[in-house]
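Residue numbers start from 1 in every chain, and the chains themselves are labelled A, B, ... in the order their sequence lines are given, proteins ahead of strands. We use all heavy atoms of the structure for the numbers below, so side chains are in, but hydrogens, waters and symmetry mates are not.
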Amino acid sequence: MQTTILNNLNEAQLQAVSSEPENQLVLAGAGSGKTRVLVHRIAFLIQAHGYSPHQILAVTFTNKAAKEMRERLSGLMGDYDGPFSARSMWVGTFHGIAHRLLKAHWQEAGLPQNFQILDTDDQLRLIKRVYQALNLDDSRWPVKQAQWFIGGQKDEGLRPQHIVEGRDPFLATMKSVYQAYEEACERGGLVDFAELLLRSHELWLKNPDLLRHYQQRFRYLLVDEFQDTNAVQYAWLRVLAGNVSHITAVGDDDQSIYGWRGAKIENIQQFEHDFSPVAVTRLEQNYRSSANILSAANAVIQHNAERLGKSLWTDDGDGELIDLYTAFNEQDEARYIVERIKAFTEEHKLNNRDCAILYRSNAQSRALEEAFIREGLPYRIYGGQRFYERLEIKNALAYLRLLVNRFDDAAFERVINTPTRGIGAKTIETVRLFAREQGCSMFEALQGAISHQVFSARATNALKSFVELIDTLKDSIDGLALEEVAERVIRQSGLLDYHQKEKGEKGQARVENLQELVNACRVFDPQDEGLSPLQEFVDNAALDAGDAQADEFDDAVQMMTLHSAKGLEFPLVFLAGMEEGLFPHKMSLDEHGRLEEERRLCYVGITRAMKKLVICFAESRRMHGNENFNSLSRFVREIPQDLLQEVRIKSTITRPASYGSSRHGAARYSGSPLGSQSNVEDYPGLCLGQQVRHKVFGEGTIVQFEGQGGSARVQVNFDSEGSKWLVLQYAKLQAL
DNA sequence: GTTAAGGCATTTTTT
DNA sequence: ATGCCTTAAC
């Protein structure tokens with residue numbers, strides 16, 4: 001058994017896996033077998049050092065990572081049941097584990113047993129209501145900012161009483177919002193994401209016996225993506241470890257890309273200090289990318305000053321050069337990518353799913369999508385709206401939540417008039433006021449208001465029917481299977497009808513999603529005996545993005561942001577939109593730390609590629625409705641030129657200087673983006689954007705050059721015939 | 001209670 | 001350009 005665990009590990013991996021139990025920091029470069037080390041380390045602890053899976057806690061950031069770790073563990077150790085079953089090991093996300101703790105110790109945590117998790121959207125709505133209660137001007141203090149503030153404070157482990165506002169009106173306002181928001185959560189039994197962590201941290205601090213129990217139980221902690229931990233997460237780990245348990249922290253400072261949401265790279269150094277002595281291992285051998293790709297990645301990241309220092313290397317050959325394509329505009333960029341993917345998959349006998357297009361911001365996907373649709377090449381966009389965040393799903397879930405806990409004001413407000421049942425803003429406001437006055441939930445306030453005849457007959461009727469609806473549903477679901485509950489709720493609440501009546505594809509998609517929700521209920525596998533499946537399902541929905549759905553098996557080209565590409569790998573990778581202002585994003589330019597984070601993001605992007613990396617850059621790009629002329633990203637200029645190969649023909653690019661009037665924009669510079677010498681001979685008298693005449697196709701515009709000498713070709717967009725590639729030698733184009 | 005019209009911002013994302 | 005949200009009019 002032990003042999004399999006230690007087999008096929010390189011020296012550094014072996015050291016990390018097989019060392020004595022101790023505090024260790026594994027600096028794992030991209031593609032260096034990080035998860036492998038983590039999983040083998042766990043297996044080794046169990047089989048060589050006699051740890052029970054019961055004593056091990058492994059924490060990740062995403063459900064996906066947790067799932068992968070669980071799968072690989074059972075692959076390595078076997079999926080047998082019994083006292084040493086891998087199933088008794090806690091493997092989960094920080095939030096998932098914190099939630100589990102709070103569920104188990106709700107009383108000590110000061111929560112109702114059926115507390116609900118508030119997602120970002122619920123949170124925003126709740127804060128909006130807090131604003132109304134406090135009579136705050138949301139133009140002066142944007143609600144989003146308050147949400148950001150509250151989350152930020154919680155991530156730092158701070159409660160309202162910790163905030164010293166002094167004479168700062170902003171702090172004073174935010175503090176009062178935070179305070180009122182906390183009260184609202186308290187009333188409704190609501191817990192937001194940051195609260196899960198903070199609350200479970202406080203749970204331990206306030207209950208030493210409980211803490212001792214968990215400290216004695218979890219003798220070994222393992223943390224993935226350690227560079228992404230924020231202050232509370234770090235404190236949480238530190239408290240849990242105490243001075244009895246050991247920690248293995250695995251991370252890569254060069255891949256820290258979430259500083260903007262509270263992640264602290266410094267936790268790595270802090271860890272070495274707080275958990276001293278710490279054995280540090282560097283995993284620098286890369287098993288993913290060709291040497292050229294790695295050299296490029298190393299060259300870029302070396303421009304960052306604040307690094308722990310690490311340099312990837314590989315046994316693999318140089319591989320192909322990195323292509324650099326200078327596109328005319330974003331359409332041309334998209335067109336080029338489609339073309340390259342078609343050629344590449346054919347040439348290398350690869351699938352579409354082996355190709356990925358990575359970009360800095362979501363808005364870039366549009367032009368790409370259009371080109372893919374036009375060319376009939378299947379694609380899949382990652383990210384975007386998650387299943388459980390869709391309007392119709394949230395509505396249905398709100399009904400389900402009300403059935404679990406009718407004090408849940410967030411759910412109440414969402415569906416009190418959805419579908420519309422004649423309960424207007426005025427009526428709801430009155431209920432809200434009532435609830436506030438009496439310090440009770442809105443549902444209770446509503447019942448009180450009805451019996452006191454506060455509303456007009458019409459409103460009273462509508463309100464009564466709502467209460468009745470919830471009551472009837474509640475009564476009728478006893479003993480029903482989860483999917484029957486969902487089915488019934490969707491139907492009887494009128495949600496299904498409501499969305500069916502919606503016009504266009506939108507309504508149809510929503511109905512389908514609702515059916516998908518019923519489906520999700522059917523396949524849902526409750527884990528906790530103590531909870532009702534409904535309650536568990538509802539909790540789960542909040543913690544689970546619900547992605548990784550069906551399309552996974554389709555053979556589609558993958559499109560995603562650089563952020564969501566972290567942890568993935570693809571044979572062919574395109575980095576699209578490598579332009580100053582877009583990447584690095586202009587929002588990050590003024591701050592040194594932000595710029596370094598952008599550079600790490602670039603490093604992440606480059607290191608996703610296994611065989612071939614293609615970098616694209618558009619000379620002109622439409623953003624927010626107007627044309628932008630950006631220069632090549634500094635990150636590309638940081639790549640040694642001998643690793644790059646420019647795809648575009650080297651011709652002097654001069655375009656008619658017709659700013660604004662021509663949709664082709666104007667020339668900004670001459671020559672190649674890297675500044676090497678140009679070669680105009682291949683395209684005498686022609687330039688991009690130029691009008692030309694062809695004796696068969698008529699008039700058109702030159703949009704692209706390719707090749708040289710006898711094989712020099714141009715792409716022309718003909719007014720009547722569309723776009724065509726023509727070999728210059730034969731086409732006899734006439735410049736206009 | 002529904003729809004039309006204007007205002008406004010528009011990096012990145014998990015839980 | 002686009003979408004999202006608030007506000008004003010039907």
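- Using a 4.0 Å cut-off, no side-chain N or O of Ser588(A) falls inside it from OP1 or OP2 of dT11(B).
- One interatomic measurement links the two molecules: CE of Met587(A) to P of dA9(B), which rounds to 11 Å at whole-angstrom precision.
- In the set dA1(C), dT15(B), dT13(B), dA1(C) carries the atom at the smallest distance from any side-chain atom of Arg622(A).
- Aromatic stacking is not marked for Phe61(A) over dT15(B), as the cut-offs of 5.5 Å for the centres and 30° for the planes do not both hold.
- For dT15(B), the OP1/OP2 oxygens have a side-chain nitrogen or oxygen of Asn63(A) closer than 4.0 Å.
- Nucleic acid contact class of Tyr258(A) (heavy atoms, under 4.0 Å, all strands): sugar-phosphate only.
- When the C1' atom of dT15(B) is taken as reference, atom NZ of Lys67(A) falls 17 Å away, rounded to whole Å.
- In this structure, CD of Gln331(A) is placed 12 Å from C1' of dA1(C), rounded to the nearest angstrom.
- In terms of position along DNA chain B, the nucleotide closest to Gly424(A) lies nearer the 5' end than the nucleotide closest to the other residue of the pair His624(A) and Gly424(A).
- Closest approach to the Thr93(A) side chain among dT15(B), dT12(B), dT2(C) is made by dT15(B) (side chain taken as heavy atoms from C-beta onward).
- A donor N or O paired with an acceptor N or O is not found under 3.5 Å between the base of dT13(B) and the side-chain atoms of Thr120(A).
- Ion pairing between a basic and an acidic side chain is recognised when a charged N comes within 4.0 Å of a carboxylate O; Lys566(A) and Asp252(A) show no such pairing.
- As a whole-Å value, the separation of Asn626(A) CG from dA9(B) C1' is 13 Å.
- Aromatic stacking of His585(A) on dT11(B): satisfied, with centres closer than 5.5 Å and planes within an angle under 30 degrees.
- In this pair, Phe412(A) and Phe466(A) present their aromatic rings perpendicular. The plane angle is above 60°, beyond the 30 to 60° band.
- Ion pair Arg366(A)/Glu369(A) not flagged as a salt bridge, since none of the NZ, NE, NH1 or NH2 atoms sits closer than 4.0 Å to an Asp/Glu carboxylate oxygen.
- When each of Asn230(A), Thr229(A), Asp253(A) is checked for a side-chain hydrogen bond (donor to acceptor under 3.5 Å, both in side chains) with Asn267(A), only Thr229(A) meets the rule.
- For the pair Asp138(A) CG and dG7(B) P, the interatomic distance rounds to 17 Å; values are reported in whole Å.
- Within the 4.0 Å cut-off from OP1 or OP2 of dG1(B), at least one side-chain nitrogen or oxygen of Asn417(A) is found.
- Atoms NE2 (His201(A)) and P (dT15(B)) sit 22 Å apart, rounded to a whole Å.
- Nearest to the side-chain atoms of Thr420(A) among the listed nucleotides dT6(C), dT13(B), dT2(B) stands dT2(B).
- In this entry the distance linking NZ of Lys64(A) with P of dT13(B) reads 13 Å, nearest Å.
- In this structure, Tyr131(A) atom OH and dC5(C) atom C1' are separated by 16 Å, rounded to whole Å.
- Salt-bridge formation is not detected for the pair Lys586(A)/Glu579(A): no Lys NZ or Arg NE/NH1/NH2 atom is positioned less than 4.0 Å from an Asp or Glu carboxylate oxygen.
- Closest to the Lys128(A) side chain, of the nucleotides dT12(B), dT13(B), dT6(C), is dT6(C).
- As judged by a 4.0 angstrom heavy-atom cut-off over every strand, Gly383(A) is placed among residues making no nucleic acid contact.
- Phosphate proximity of dT13(B) to Asn362(A): present, with a side-chain N or O under 4.0 Å from OP1 or OP2.
- Considering only side-chain atoms of Ser361(A), the nucleotide from dT13(B), dT12(B), dT15(B) that sits closest is dT12(B).
- OP1 or OP2 of dG3(C) has at least one side-chain nitrogen or oxygen of Arg366(A) nearer than 4.0 Å.
- With P as the reference atom, dC4(C) and dT13(B) are 16 Å apart, rounded to whole Å.
- Taking the centre of each ring, His303(A) and Tyr603(A) stay at or above the 6.0 Å mark.
- The nucleotide whose nearest atom lies closest to any side-chain atom of His563(A) is, among dT13(B), dT10(B), dT15(B), dT13(B).
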